[in-house]
Student: 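Next up is a structure, given as structure tokens.
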Amino acid sequence: MNSINNYAWVEFYSELATKLLEYTNDRQTLIVKLQNVYTTIDMKLPKLEKDNILRDIDPFTIFGLFNKGITKENRIKIIKGIANEFSILAEVPERFDGIPVLNNQKATFYYFIGDREEQDIDNLWNLFEAAQKYADDPFVENKTTFIKYYDTCLQQKGIRWNITMGLYWIRPYKFINLDSTNREFIRNSKNMPNSFIVSLEGLKQVPSGEKYLKICESCDSILESGNYQYHNFPELSYFAWQTTSQDYKNTEDIMSDKKVDSVRYWLYSPGTNASKWDEFYRDGIIAIGWGEIGDLNEFSNKDQMKKKMKQCYNEELSYKNSAHATWQFVHQMKPGDIVFAKKGSSKVIGRGVVTSEYQYDSNRRDSYNNVRRINWTHNGVWEHPGQAAQKTLTDITPYTDYVVKLNALFEEDIPEDAEEQEISYPPYNASDFLADVYMSKENYTILTTLLRHKKNIIIQGAPGVGKTYAAKRLAYSMMGVKDKERVMMVQFHQSYSYEDFIMGFRPSTTGFELKKGPFYNFCKKAEIDSDNDYFFIIDEINRGNLSKIFGELFMLIESDKRGVELQLLYSDEKFSVPENVYIIGMMNTADRSLAMLDYALRRRFAFFEFSPAFDTEGFRKYCELKNHSKFNKLIDTVKNLNDVIEADETLGRGFCIGHSYFCTRDDFEIDDMWLHSVVDYELVPLLSEYWFDDPSKVKEWTVILKGAIK
């Protein structure tokens, strides 16, 4: 558990709050100073007005700017700039344990600028001042003033649970944060006394000012009693996040910032006909049977599980589905995954968030020995959308429409700020890219400059030059972080259409419904996060009919048309492609089945050619690492072969053999079998396709290639 000494941000935030009071009646000066901060640190100030002209600002938004889902490095960068501009003496924090953050969709704290009432900003400043006065001197008059402005602000558009988050930022020892993570935590009888939980009345609505202060006072008294591992609001917030985080596996991973895979969704049956539901809900666990085969960690593959199940239960059954479920339960389910509990095929009875790794509990007597801890967030009965799968455990993540329908069952119960947990993605820069992708620094600079200027680029090249491998890494390097949420990849083909890509009508159970496509959704996501770059990657871009796929948006992807609105074909909506969306296409130059690209496409994209990287410094180091004489001889032979291919009038440079045919994991040991498989089953078939009308040349080079690895 973190000690209070780790909450260095508390002093900084409190001093900043006090400093901001000096600008209550001079907010234009405050805006200028805020703009100075962003100019000094070379970052773009988020769009706080619809026309990006900041006319007025509330104090909570200033805290919201660096308490959102940005990288830790950018957050510290902004705070250092604020410290300099506002002459803050407190230490600039480098850790933010126990602090709630906004997601990027709420980059501004109260995003209702443009349709707010005249007094809304003034009310927020009044609350800001009243909160600090009450926190520092809680006598009756200050308390009454605080309640007055709190209740006034609560009536304003956009103010809900986030009001408690803002108060917590400025005086974290006095005001409790009641975001979704903390609410779930304190409503659990394992974390707080039952008497306190009952007094909360479920916290289904944002409490009034008077009730909120009672919650703060009561909870503070409970924590001061010393009966819990957390003794104040920052410690409680950190502990709540630590036990319910959807972004980290466990405490050790939280401390070391090891990121795990994206959240998966599971459909689960708690015993036959949900017979174990009450027990599992009460104990906060998710469990499956097959306990007689022992600890599932002891099995290295599914076949071993199936054999053991046959021995313990019935030799005549295959246990294919059962072994798959047990394997997924151990190796694929992760803390942070969402589980929907079902009863039969027509009822959903609960929802929860997995909070622990797999464990084998030998003390359970009902064969349900395979267990994970889970935070069951919902308990009730809901009609299942359609008919549920009959298996005990099913990974439903790939069925996005189905997941949306299941999530919709709980929308009324899930607070608006339910996804405000910061996600810490690992950094990734140009050096990382050049270490992963065999390219010179000069070419990397040219590539990124082209993409920044043109916004649309096509990476073209022969098979095996690493186009697909490089595309995502290029995006990460330009973002400076491996943020998978800001990168999307699709693949075009001859049947791909506007309806698949943008939007179109699709059959449903009631007829036809308008479905949004990946590019539309991606642009909307980027639009509300305009201070961050987004990258849309299109594999095999030349296989699709671009005019047919982009439709009226073909014009809008041009760099100088970004932000220009056009009427959509299927919707009564004006739509534009945001400035922060970059498109990376990939094109195989050796595919002779495809026609030449039309001028309209070439005018909108810059073209960058990926060539075989055998002579780059990175690939030479890779060969030195492998240290295999036959491998080196084969590489030299392929380089000579590429010279012949490039000189061939029927082929040319776009048909050269790429280096990725020869790339393996660092720990993979090259042997004769692997070398022969590359030559016989990858290179020779490729040459047969290239020189289909000249079999003698295929035979000649087959002999040369095989001779290189004898």
Student: A cation-pi test, strictly: NZ or CZ of R486 under 6.0 Å from the centre of the six-membered ring of F535 and no more than 45 degrees from its axis. Yes or no?
Tutor: no
Student: Got a sec, which residues hit ring pair (Phe, Tyr, Trp, His ring centres under 6.0 Å) with F608, two or more places apart in sequence or on another chain?
Tutor: F610
Student: Sub-3.5 Å donor-acceptor pair from the side chain of S322 to the main-chain atoms of Y319, do we have one?
Tutor: no
Student: Enumerate the side chain to side chain donor-acceptor pair (under 3.5 Å) contacts for residues 633-643, please, sequence neighbours excluded, ordered by first and then second residue.
Tutor: D615-K639
Student: Under the rule for salt bridge (Lys or Arg N to Asp or Glu O under 4.0 Å), what residues qualify as partners of D672, not counting sequence neighbours?
Tutor: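 Applying salt bridge (Lys or Arg N to Asp or Glu O under 4.0 Å) to D672 gives K630.
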Student: Using 4.0 Å as the upper bound for N to carboxylate O, is an ion pair formed by D337 and K334?
Tutor: no
Student: Between E499 and R506 (salt bridge meaning N to carboxylate O under 4.0 Å), is one present in this structure?
Tutor: no
Student: Tell me every residue that passes ring pair (Phe, Tyr, Trp, His ring centres under 6.0 Å) with H331, counting only those two or more places apart in sequence or in another chain.
Tutor: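 Only W327 meet the ring pair (Phe, Tyr, Trp, His ring centres under 6.0 Å) criterion with H331.
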Student: Does any pair with a residue in residues 299-308 pass salt bridge (Lys or Arg N to Asp or Glu O under 4.0 Å), and if so which ones, sequence neighbours excluded?
Tutor: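 Only D303-K306 qualify under salt bridge (Lys or Arg N to Asp or Glu O under 4.0 Å).
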Student: Consider only side-chain N and O atoms of S477 and Y444, and report whether a donor and an acceptor are under 3.5 Å apart.
Tutor: yes
Student: Any donor-acceptor pair under 3.5 Å linking the side-chain atoms of Y402 with those of T397?
Tutor: no
Student: Where the side chain of S530 meets the backbone of E527, is there a donor-acceptor pair that is under 3.5 Å apart?
Tutor: no
Student: For a quick test of your reading: what N or O donor-acceptor pairs under 3.5 Å do the side chains of residues 697-705 make, sequence neighbours left out?
Tutor:
| from | atom 1 | to | atom 2 | distance (Å) |
| --- | --- | --- | --- | --- |
| T702 | OG1 | V698 | O | 2.7 |

Student: Would you please test Y496 and Q491 for side-chain hydrogen bond (donor to acceptor under 3.5 Å, both in side chains) and show each step?
Tutor: CA-CA 9 Å; Y496 209 73; Q491 187 178 66; over 6 Å; no
Student: Using the side chain to side chain contact (heavy atoms under 4.5 Å, CB included) rule, take V564 and S576 through it: C-alpha gap first, then chi angles, then the decisive distance, then the call.
Tutor: CA-CA 5 Å; V564 176; S576 65; 5.7 Å; no
Student: Check whether the side chains of S696 and D694 place a donor and an acceptor atom closer than 3.5 Å, and report yes or no.
Tutor: yes
Student: Does E617 have any salt bridge (Lys or Arg N to Asp or Glu O under 4.0 Å) partners at least two apart in sequence or in another chain, and if so, which?
Tutor: K621
Student: Check whether R604 reaches the backbone of I557 with its side chain - one donor and one acceptor, N or O, closer than 3.5 Å.
Tutor: no
Student: Where do K80 and I41 land on the side chain to side chain contact (heavy atoms under 4.5 Å, CB included) test, with the steps shown first?
Tutor: CA-CA 9 Å; K80 283 183 177 179; I41 63 177; over 6 Å; no
Student: Please check: side-chain N/O of Y582 versus main-chain N/O of A475, any donor-acceptor pairing under 3.5 Å?
Tutor: no
Student: Scan for ring-ring contact (aromatic ring centres under 6.0 Å, His included) pairs involving residues 513-532, sequence neighbours excluded, and state none if there are none.
Tutor: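 Listed once each, the pairs are F501-F519, F519-F536, F519-F550, Y520-F575, F522-Y534, F522-F536.
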Student: For residues 440-467, which residue pairs qualify under salt bridge (Lys or Arg N to Asp or Glu O under 4.0 Å), counting only residues two or more places apart or in two chains?
Tutor: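 Those involving residues 440-467 are R452-D533.
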Student: Partners of Y469 by ring pair (Phe, Tyr, Trp, His ring centres under 6.0 Å), sequence neighbours excluded?
Tutor: none
Student: For D539, check salt bridge (Lys or Arg N to Asp or Glu O under 4.0 Å) against everything at least two apart and list the hits.
Tutor: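 Salt bridge (Lys or Arg N to Asp or Glu O under 4.0 Å) check on D539 returns nothing, list empty.
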Student: Going by heavy atoms in the side chains, are V490 and P518 under 4.5 Å from each other?
Tutor: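 They are in side-chain contact.
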Student: Applying ring pair (Phe, Tyr, Trp, His ring centres under 6.0 Å), name anything that partners H453, two or more places apart in sequence or on another chain.
Tutor: none
Student: Look at atom CZ of R653 and say whether more than 12 heavy atoms of other residues, nucleotides or ligands are closer to it than 6.0 Å.
Tutor: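 No, CZ of R653 has 12 or fewer neighbouring heavy atoms, counting only those of other groups under 6.0 Å.
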Student: Taking the side chain as every heavy atom from C-beta outward, state whether T326 and F299 have any atom pair closer than 4.5 Å.
Tutor: no
Student: Any side-chain heavy-atom pair from M587 and I459 closer than 4.5 angstrom?
Tutor: no
Student: If only atom types and distance count, is the side chain of N580 paired as donor or acceptor with the main-chain N or O of N532 below 3.5 Å?
Tutor: yes
Student: With ring centroids as reference points, do Y428 and F433 lie under 6.0 angstrom apart?
Tutor: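 No, ring centres 6.0 Å or more apart.
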Student: Does C663 offer a backbone N or O that forms a donor-acceptor pair with the side chain of S660 under 3.5 Å?
Tutor: no
Student: How close do V679 and L634 get, heavy atom to heavy atom, and via which atoms?
Tutor: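 Heavy atoms only, the tightest pair is CG2-CD1, 4.0 Å.
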